[in-house]
Trainee: 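Here you go, one structure.
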Amino acid sequence: MGLKRICGWIIRKKAIGRVVIIEVSSDRVKPYVVVLKEEREPELYAVGKELDVGTALCFEGEEAQEQKSVRGIEYVARKIEVYAKPIEPLPVDTMGKVPALLDTRIKYRWLLVRNPVEKAIFRVRSAMLAAAREYLSSNGFTEVQTPKIVAAGAEGGATLFRVQYFENEAYLSQSPQLFKQMLMAGFTRVYEITPYFRAEKYNTTRHLNESWGIDVEQGFINSLEDVLNTLENLVAYIIDYVSRNNAEELEVLGVNLRKPSTPFKRLRFQEAVDILRSEGIEVSDTEDLSDQAEKKLGEIMAEKGHDLYFIVGFPWSSTGFYYMREENGVYTRKFDLDYRGLEIASGGQREHRYERLVEALREKGLNPASFDFYLEAFKYGMPPHGGFGLGVERLLMRMLGLENVREAILFVRDRVRLVP
Ligand code: ATP
Ligand code: MG
């Protein structure tokens, strides 16, 4: 019967007769329930009775022999140390009984993480990244960091945030794409967990202006299949890891998560177009799928038992310059991974042949000279390679059934939010 010291915040206090019940939110999802009885611990009872919701405290105690609370683990306290009392009533309900509007949840996220549901989301996010690191490092990938202040974007100039960089103009990185590819000149497998900065005026439930990605690149590949294998195994590993390690979080969130079976279904882009057309949806042969088409395809695939599926072979007219083209010249080795109608990753095999890459830049109307730093890396033995960027918030959103990507990141950066 060891004493345990637990620190956290009061999220609920109830006095019934000569008993005070205090729920303390700490780092695990479910609160600790401290039961103070006047006849058992009169001094602590007197202290506890006066404490307000929002107080930061530590207590020492032991697990109660009889666990009566369904809300958390019950403790008998031996000592209470009060560290800070709230100077005003809390602006939000940290117990989570009164549902807050998304706007309020985002504004007070740092306070609402005391609430079990909110905390559970970010504990799963943390587990997701731990799982990704575990999977990738045990498969020989080296974790790298590439610059976030850059001179050129990966996709052209449209969606870049400008930064004044001494006497030059620079940008915030929208993707580590070019840098991770350059590293294929000396590593055979790298990954980076990185922010993406995108300056588009999004007005959707799945776009942020600052989002995070798990970016992977691998060299000496035999074909695109090598990349698809890495991604499907990574995603399956993450989902399995969370289902095994985060039972309490998933219970609080009411989520039933099971490891998806691999391999994921591979759908040719053209097949997807045909399926959608047969359902009366208008789709272009040369452009990326619209949101509506993506969603509809998700429903059709779900009916066939595929929550997760690849769309492979996007038309050259719809992709970045760095994707390798198929022999026909019309399609590329670019793919998306969709999870119930939502794109969660994009990737592909890259063009590693110098001459073809220069040609591709020109065809896309880009000036090869502005990509000199990148092109140089292709001069000295660049192996065939490919990789992907997997969206952290998008994956988390789908795993937990969240409706808005803003629920999956602690501090939101979008069109209207720059603070907190
Ligand atoms: P979309 O077409 O959905 O706008 P994208 O194709 O522009 O996304 P990519 O450049 O392919 O995005 O980025 C790789 C992954 O990173 C995406 O599949 C997605 O999961 C995530 N991602 C990209 N941009 C955003 C964003 N603005 N907000 C949230 N996640 C994003
Ligand atoms: Mg994409």
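Only this structure's heavy atoms are used, side chains among them; waters, hydrogens and symmetry mates stay out. In this chain, numbering begins with 1 at the start of the sequence shown. Note that ligands are numbered from 1 as they come in the structure, with each ligand's atoms numbered from 1 the same way.
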Trainee: Under 3.5 Å, is there a donor on one side chain and an acceptor on the other for Y374 and E376?
Mentor: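 There is no such pair (donor and acceptor under 3.5 Å, judged by atom type) between the side chains of Y374 and E376.
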Trainee: Can you name the one residue among T230, V190, L234 that meets side-chain contact (heavy atoms from CB on, under 4.5 Å) with F141?
Mentor: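 So, applying the side-chain contact (heavy atoms from CB on, under 4.5 Å) to F141 and each of T230, V190, L234, only T230 qualifies.
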Trainee: By number and element, which atoms of ligand 1 are closer than 4.0 Å to a non-hydrogen atom of R206?
Mentor: 28 (N), 29 (C)
Trainee: Looking only at distances, can you tell me whether any N or O atom of I344, backbone or side chain, sits closer than 3.5 Å to an N or O atom of ligand 1?
Mentor: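 So ligand 1 has an N or O lying under 3.5 Å from an N or O of I344.
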Trainee: Using distance alone, decide if ligand 1 has a nitrogen or oxygen within less than 3.5 Å of any nitrogen or oxygen in Y196.
Mentor: no
Trainee: Hey, are the side chains of T142 and R189 touching, using non-hydrogen atoms and a 4.5 Å cut-off?
Mentor: no
Trainee: Q174: heavy atom below 4.0 Å from ligand 1, yes or no?
Mentor: no
Trainee: Is the Lys NZ or Arg CZ of K334 less than 6.0 Å from the centre of F314's six-membered ring, within 45° of the axis?
Mentor: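 Yes, K334 sits over the ring of F314.
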Trainee: Any side-chain heavy-atom pair from E279 and I300 closer than 4.5 angstrom?
Mentor: yes
Trainee: What I'd like to find out is whether the side chain of R394 reaches to under 4.5 Å of the side chain of R206, using heavy atoms alone.
Mentor: yes
Trainee: Any heavy-atom pair between the side chains of L228 and R266 that's under 4.5 Å?
Mentor: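 Side-chain contact under 4.5 Å: yes.
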Trainee: If we only count heavy atoms from C-beta on, is the I11 to V24 side-chain gap below 4.5 Å?
Mentor: no
Trainee: Mind checking whether M301 and R340 have side chains closer than 4.5 Å, heavy atoms only?
Mentor: no
Trainee: Any non-hydrogen atom of W212 lying under 4.0 Å from ligand 1?
Mentor: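 Distance cut 4.0 Å: W212 fails for ligand 1.
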Trainee: Does the residue E393 have a heavy-atom contact with ligand 1, meaning some pair of atoms that are separated by less than 4.0 Å?
Mentor: no
Trainee: Side chain, backbone, both or neither: which applies to E343 and ligand 1 if a contact is any heavy-atom pair less than 4.0 Å apart?
Mentor: both
Trainee: When you measure from the Mg ion (ligand 2) to each N, O or S atom of E343, which atom gives the shortest distance?
Mentor: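 It is OE2, the N, O or S atom of E343 closest to the Mg ion (ligand 2).
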Trainee: What part of A345, side chain from CB on, backbone N/CA/C/O, both or neither, has a heavy atom under 4.0 Å from ligand 1?
Mentor: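 Backbone only.
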Trainee: Once you restrict to heavy atoms under 4.0 Å, what part of R394 touches ligand 1? Side chain, backbone, both or neither.
Mentor: side chain
Trainee: Using heavy-atom distances only, which candidate in S211, S346, S175 approaches atom 31 (C) of ligand 1 most closely?
Mentor: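 Minimum heavy-atom distance to atom 31 (C) of ligand 1 goes to S211.
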Trainee: Between G389 and ligand 1, is there a nitrogen or oxygen pair with a distance under 3.5 Å?
Mentor: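 No; every N/O pair is 3.5 Å or more apart.
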Trainee: Under 4.0 Å from a heavy atom of Y202: which atoms of ligand 1 are those, numbered in the order shown and with their elements?
Mentor: 27 (N)
